[in-house]
Peer 1: 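What follows is a structure written as structure tokens; I'll ask about it next.
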Amino acid sequence: EVVDLDRSRQLALEERARIRAQLAASEATVDGEISDLVEQRADAASSVPPPLLKTYEGLRDQLDGVGAARLVGSSCMGCHLMLPATELDRIKRSPAETVFFCDQCGRILVKH
């Protein structure tokens with residue numbers, strides 16, 4: 001019985017080692033992906049005017065990590081509520097570089 005238990009223990013230790021190696025490889029992959037995304041974000045953020053970036057970061061802190069949302073049709077994709085027709089008209093008539101905020105949730109609106 002002791003021999004069987006030793007054999008089971010050895011198999012369990014080998015399985016644990018295999019799982020730990022798998023976990024380490026997965027963690028390394030995820031860490032690499034995170035590093036790439038952080039670099040991409042830094043590159044993207046470098047083209048945003050500092051005051052707008054500061055506003056965006058503040059909104060992210062306040063709004064569960066989402067400081068900007070796409071405007072699809074008449075809806076903000078951040079809060080999924082419709083904007084008033086007058087606001088939509090104002091957005092459509094404004095230059096592309098104009099920054100707008102959702103009347104409902106306050107996120108920066110990104111035209112789709």
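Values below: every heavy atom of this structure, side chains too, minus hydrogens, waters and symmetry copies.
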Peer 1: Measuring from atom OG of S75 to atom CG of L109, what distance do you get when rounded to the nearest 0.5 angstrom?
Peer 2: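 Answer for the OG-CG pair, S75 versus L109, is 10.5 Å.
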
Peer 1: Nearest 0.5 Å, what's the OG-CD1 distance between S26 and I19?
Peer 2: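 That separation rounds to 11.5 Å.
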
Peer 1: Write down the atom of L52, the atom of I108, and the distance for their closest heavy-atom approach.
Peer 2: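 Distance-wise, the nearest heavy atoms are CD1-CD1, 3.8 Å.
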
Peer 1: Give a yes or no on whether K54 atom NZ has more than 12 heavy-atom contacts from other residues, nucleotides or ligands under 6.0 Å away.
Peer 2: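 Counting other residues, nucleotides and ligands, NZ of K54 stays at 12 neighbours or fewer.
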
Peer 1: Work out which heavy atom in S94 is nearest to a heavy atom in F100; give both atom names and the distance.
Peer 2: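 Shortest heavy-atom contact: OG-CZ, 3.2 Å.
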
Peer 1: Which of these passes side-chain hydrogen bond (donor to acceptor under 3.5 Å, both in side chains) with E14: Q10, R18, R16?
Peer 2: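 For E14, the side-chain hydrogen bond (donor to acceptor under 3.5 Å, both in side chains) test succeeds with only one of Q10, R18, R16, which is Q10.
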
Peer 1: Does R7 pair with D4 as a salt bridge, N-O distance under 4.0 Å?
Peer 2: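 The answer is yes: the pair qualifies as a salt bridge.
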
Peer 1: Considering all heavy atoms of both residues, which atom of L88 and which atom of G73 are nearest to each other, and what is their separation?
Peer 2: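 What the structure gives for the nearest pair is CD2-O, 3.9 Å.
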
Peer 1: Tell me, please, which residues at least two apart from E97 pass side chain to side chain donor-acceptor pair (under 3.5 Å).
Peer 2: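 Testing E97 for side chain to side chain donor-acceptor pair (under 3.5 Å), a comparison that skips the adjacent residues, returns none.
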
Peer 1: Do L63 and F101 share a hydrophobic cluster (ILVMFWY, side-chain heavy atoms under 4.5 Å, transitive)?
Peer 2: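 Looking at the clustering, F101 is in the same group as L63.
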
Peer 1: Report yes if the side chains of I91 and E87 come closer than 4.5 Å at any heavy-atom pair, otherwise no.
Peer 2: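 In short, these two side chains touch, coming nearer than 4.5 Å.
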
Peer 1: Enter the distance from M82:CE to D103:CG here, rounded to the nearest 0.5 Å.
Peer 2: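 Going from CE on M82 over to CG on D103, the span is 12.5 Å.
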
Peer 1: Enumerate donor-acceptor pairs with a distance under 3.5 Å from any side-chain N or O in residues 35-45 to protein atoms, sequence neighbours excluded.
Peer 2:
| residue | atom | partner | partner atom | Å |
| --- | --- | --- | --- | --- |
| R41 | NH1 | E57 | OE2 | 3.4 |
| R41 | NH2 | E57 | OE2 | 2.3 |

Peer 1: Which heavy atom of P95 sits nearest a heavy atom of K111, and at what distance?
Peer 2: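 Scanning both residues, the minimum pair turns out to be O-NZ, 3.9 Å.
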
